[in-house]
2 protein chains.
Amino acid sequence: MLQPVQFSSSDSRLELDGDANVSMGVLLRRLIDEGCVSDPESPKGRLLAAAARQFRQKGFSRTTVRDLAAEVGILSGSIFHHFKNKDEILFAVMNEVVIAMEERLQVRLSAATSTRDKVRALIENELQFIHGPTGDATAVLIYEWRALSEPLQQKILERRRAYFKLWHDTLIKAEEEALITVEPDCLRQLLHGAIVWSIHWYQPQGPMPLESLVDQVLSLAIKSE
Amino acid sequence: MLQPVQFSSSDSRLELDGDANVSMGVLLRRLIDEGCVSDPESPKGRLLAAAARQFRQKGFSRTTVRDLAAEVGILSGSIFHHFKNKDEILFAVMNEVVIAMEERLQVRLSAATSTRDKVRALIENELQFIHGPTGDATAVLIYEWRALSEPLQQKILERRRAYFKLWHDTLIKAEEEALITVEPDCLRQLLHGAIVWSIHWYQPQGPMPLESLVDQVLSLAIKSE
DNA sequence: TTCACTACCAAGCAAGCGCTTGGTTTGTTA
DNA sequence: TAACAAACCAAGCGCTTGCTTGGTAGTGAA
């Protein structure tokens with residue numbers, strides 16, 4: 001709050017400058033092929049990318065369909081050839097990122113060996129989604145929640161449960177191993193808050209690398225030996 | 001995110017069921033007498049309370065001046081006898097709570113003896129503003145930031161600086177005393193995020209008392225001896 | 001009684017909104 | 001080259017929005 005929000009300057013193309021982004025790219029490509037998320041080259045995909053950007057920047061209700069149409073170079077009425085209504089655009093933005101977040105966390109968790117590494121994966125995955133190429137959609141998911149109509153909220157929530165469960169189960173394990181002291185669900189919420197708030201202040205291109213931020217958050221959760 | 005938001009059921013009257021609220025009440029009374037915040041009995045004050053409630057519930061841009069007028073029992077046009085425009089209503093809501101937050105934190109910090117208690121005061125003060133009688137206005141301050149026009153944002157930001165400085169100075173002291181390991185400004189943001197996110201999940205009337213939540217957050221910041 | 005002031009009403013304007021409709025272009029396949 | 005669907009245009013409808021205007025009721029001081 002009260003700090004200017006940083007916008008990702010990267011477009012929706014895949015960035016291949018690190019392990020994290022390579023696997024993110026592979027995952028996104030698979031989800032596109034499976035039809036879970038739409039191709040960023042298609043008209044619908046370009047519309048969704050514009051929507052994510054503008055919904056993040058101005059908020060859902062201050063973004064008009066005329067704004068969105070202008071960004072992709074069509075007239076406002078033509079939007080409704082691709083989406084039933086404005087709500088469905090917001091839903092599509094959120095739905096795609098919700099699916100990707102859970103899929104990727106699953107991959108990351110099974111790759112991690114120790115419980116400590118799994119907790120780190122929880123934190124790292126969320127921070128990468130917030131500050132990576134999917135940052136716009138993730139920010140919209142987090143901050144435009146109330147703008148969604150009730151039935152569509154429920155559909156997202158349904159999809160979201162599996163993601164929450166991955167956090168829950170991992171932190172339960174961490175508690176059993178005495179890695180953490182705070183009650184797991186309370187800790188989950190506190191960490192989640194600390195992480196999403198980084199939208200407002202953390203600069204990926206700044207002096208502090210993302211991995212360092214991951215470590216700082218991890219040090220809040222797990223007391224070092 | 002993705003959890004229903006809890007709304008404070010308390011009205012704008014002062015609650016006298018604890019030390020914290022007693023001093024909060026005294027402070028608010030003083031600020032009213034000084035003209036810093038408006039009397040909740042006055043038409044303007046009742047309008048601001050309604051605005052805080054509705055802006056929190058529906059967001060600024062989904063709340064119409066007709067909605068606000070209806071809640072206090074006047075017609076929409078009559079609003080503009082009290083405020084120049086809709087933006088000024090949002091500004092007034094934010095401005096009053098910004099002033100109160102900083103004033104109260106100052107009192108709390110000078111009452112605390114040890115640095116550890118001062119850090120606890122930072123956390124406790126913010127949590128009390130979020131989950132106490134001023135919860136609506138505080139939530140609006142946090143989550144309707146972008147809805148404010150640029151010049152009014154700057155005015156709030158100006159007022160906010162003193163508050164940030166109190167956090168900064170206290171955490172610098174904590175670092176000097178080796179109470180914390182994370183860099184002070186980074187820790188400030190992480191804690192701030194964890195605290196404000198509690199809007200979405202913590203229930204003051206639930207099984208966990210607020211003081212307990214304060215302790216949990218404190219345990220993230222300061223490693224126990 | 002007069003005057004000024006606060007608080008509000010009644011009516012409506014101008015602009016912007018999401019969305020519809022009927023028709024046209026464009027690219028692909030048979 | 002004919003047929004077809006996807007993508008888009010042009011125009012505008014019906015509604016909601018923030019806000020204006022000109023006037024009125026109630027109240028307290030001189």
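Chain identifiers are assigned alphabetically (A, B, ...) following the order of the sequence lines, protein sequences preceding nucleic acid strands; residue numbering begins at 1 within each chain. Here the structure is a predicted model, which means the values were calculated and not measured.
Judged purely by atom type and a 3.5 angstrom limit, A:Y163 has no side-chain atom pairing as donor or acceptor with the backbone of A:L105. Looking at A:Q153, its side chain does come within 3.5 Å of a backbone N or O of A:W145 through a donor-acceptor pair. In this structure, A:T138 contributes its side chain and A:F129 its backbone to a donor-acceptor pair below 3.5 Å.
Protein chain A contacts DNA chain D from D:dA6 to D:dG12, reading 5' to 3' and using non-hydrogen atoms of the protein with a distance under 4.0 Å.
Residues passing the salt bridge (Lys or Arg N to Asp or Glu O under 4.0 Å) test with B:R120, sequence neighbours excluded: B:E124, B:E211, B:D215. B:H168 meets the side chain to side chain contact (heavy atoms under 4.5 Å, CB included) test with B:I172, B:D185; sequence neighbours excluded. In this structure, the salt bridge (Lys or Arg N to Asp or Glu O under 4.0 Å) partners of B:E144, at least two apart in sequence or on a different chain, are A:R146. Under the salt bridge (Lys or Arg N to Asp or Glu O under 4.0 Å) criterion, A:K165 pairs with A:D169, sequence neighbours left out. Evaluation of the salt bridge (Lys or Arg N to Asp or Glu O under 4.0 Å) rule for A:R66 yields no partner, not counting sequence neighbours. Residues that satisfy the side chain to side chain contact (heavy atoms under 4.5 Å, CB included) test with B:T170, not counting sequence neighbours, are B:L109, B:K118, B:V119, B:L122. Residues meeting the side chain to side chain contact (heavy atoms under 4.5 Å, CB included) test with B:D67, sequence neighbours left out: B:Q54, B:K58, B:T63, B:T64.
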Legend entry - Audit row: B:H192, B:E126, side-chain contact (heavy atoms from CB on, under 4.5 Å) steps and yes/no: CA-CA 9 Å; B:H192 194 56; B:E126 201 153 298; 2.4 Å; yes

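Within a heavy-atom distance below 4.0 Å of DNA chain C, no residue of residues 87-94 of chain B is found. Interface residues of residues 58-67 of chain A facing DNA chain C, ordered by number: A:T63, A:T64, A:V65, A:R66; criterion, heavy-atom separation under 4.0 Å.
Atom CD1 of A:I74 is separated from atom P of C:dT26 by 16 Å (rounded to the nearest Å). When rounded to the nearest whole Å, the span between CG of B:L75 and C1' of C:dG12 equals 13 Å. Rounding to whole angstrom units, CZ of residue B:F83 and P of C:dC8 are separated by 12 Å.
Ring-plane geometry between A:Y143 and A:H200 is classed as tilted, the angle between the planes lying from 30 to 60 degrees on a 0 to 90 degree scale.
Taking a pair as Watson-Crick or G-U wobble with both distances under 3.5 Å, the runs of three or more consecutive pairs in DNA chain C are C:1-30 with D:1-30.
Mapped onto DNA chain D by nearest heavy atom, A:G73 and B:S76 fall at different nucleotides, with A:G73 at the one closer to the 5' end.
Phosphate contact (OP1/OP2 of C:dA7, side-chain N/O of B:H81, threshold under 4.0 Å): present.
For residues 53-80 of chain B, the pairs satisfying ring pair (Phe, Tyr, Trp, His ring centres under 6.0 Å) are B:F55-B:F60, with sequence neighbours left out.
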